[in-house]
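To start, the structure under review is shown below, and the notes come after it.
Each chain gets a letter, A, B and so on, in the order its sequence line appears, and its residues count up from 1.
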Amino acid sequence: MFNKIKDYDERELQIRGKVFMHSFMLALLLLVLTSFSDFIFYDHGREGFVFVFILMSQTMSELILTGGIGRSKLLTAVMIALTVIGIFFTVSGILQGELLIDNKLTLNANILIEGILMLIIPLVFFIKMSLDKKRISL
Amino acid sequence: MDKNLRMKLARVAKDLSQQELADAVGVARQTINAIERGDYNPSIKLCISICKILDKKLDELFWEE
């Protein structure tokens with residue numbers, strides 16, 4: 001996953017090309033959405049993180065689902081760490097106070113969304129892992 | 001796509017694991033696995049490399065009747 005000098009084979013390149021093209025399209029869409037951030041977010045200064053987390057969550061989930069990332073112990077450790085951090089973000093977002101003011105998302109809501117987006121990645125990873133195991137054992 | 005059992009049989013007959021075949025043709029083990037499962041359609045270049053390693057002709061492994 002973090003090996004930058006790895007040579008990807010044709011299947012991996014094909015998968016990654018597709019995934020990163022989707023990410024690029026989503027990034028463009030999110031860029032357009034930033035012009036509406038005044039209508040979406042009550043607290044400013046942190047909304048960029050939400051967009052980054054949306055992008056990260058989409059890219060990683062799609063890579064995992066399509067087999068663009070080889071499974072390794074390091075990746076499993078990263079997923080466990082993401083689960084812990086994601087749960088911490090989600091719980092603190094819920095506990096800290098109001099999520100909406102004037103129908104706009106507060107800082108707490110941003111933290112909650114970031115936590116949920118972070119949790120999606122390990123969730124997809126572990127579901128895919130168990131489905132693959134089931135398929136091999138059949 | 002159907003499973004490529006002929007390729008799997010040829011690999012097993014050569015006593016090669018998926019990893020060994022993958023190393024020999026320069027791809028990831030997951031790619032060999034995907035070809036055998038019928039989840040991935042390999043390029044002609046990769047098909048030829050696999051055939052050379054397994055001592056088979058292209059149509060013996062990849063031609064569907």
When the 4.5 angstrom heavy-atom criterion is applied to B:A34 and chain A, the contacting part is side chain

Roughly how far apart are [X] [atom1] and [Y] [atom2], rounded to 0.5 Å?
| X | Y | atom1 | atom2 | result |
| --- | --- | --- | --- | --- |
| B:Y40 | A:D9 | OH | CG | 7.0 Å |
| A:R11 | B:S43 | CZ | OG | 12.5 Å |
| B:N33 | A:D132 | CG | CG | 9.0 Å |

Are [Y] and [X] co-members of a hydrophobic cluster defined by side-chain heavy atoms under 4.5 Å apart?
| X | Y | value |
| --- | --- | --- |
| A:L75 | A:V84 | no |
| A:L105 | A:L33 | yes |
| A:V91 | A:L123 | no |
| A:I80 | A:M56 | yes |
| A:F24 | A:V19 | no |

How about B:L46 and A:E10: do any of their side-chain heavy atoms sit closer than 4.5 Å?
yes

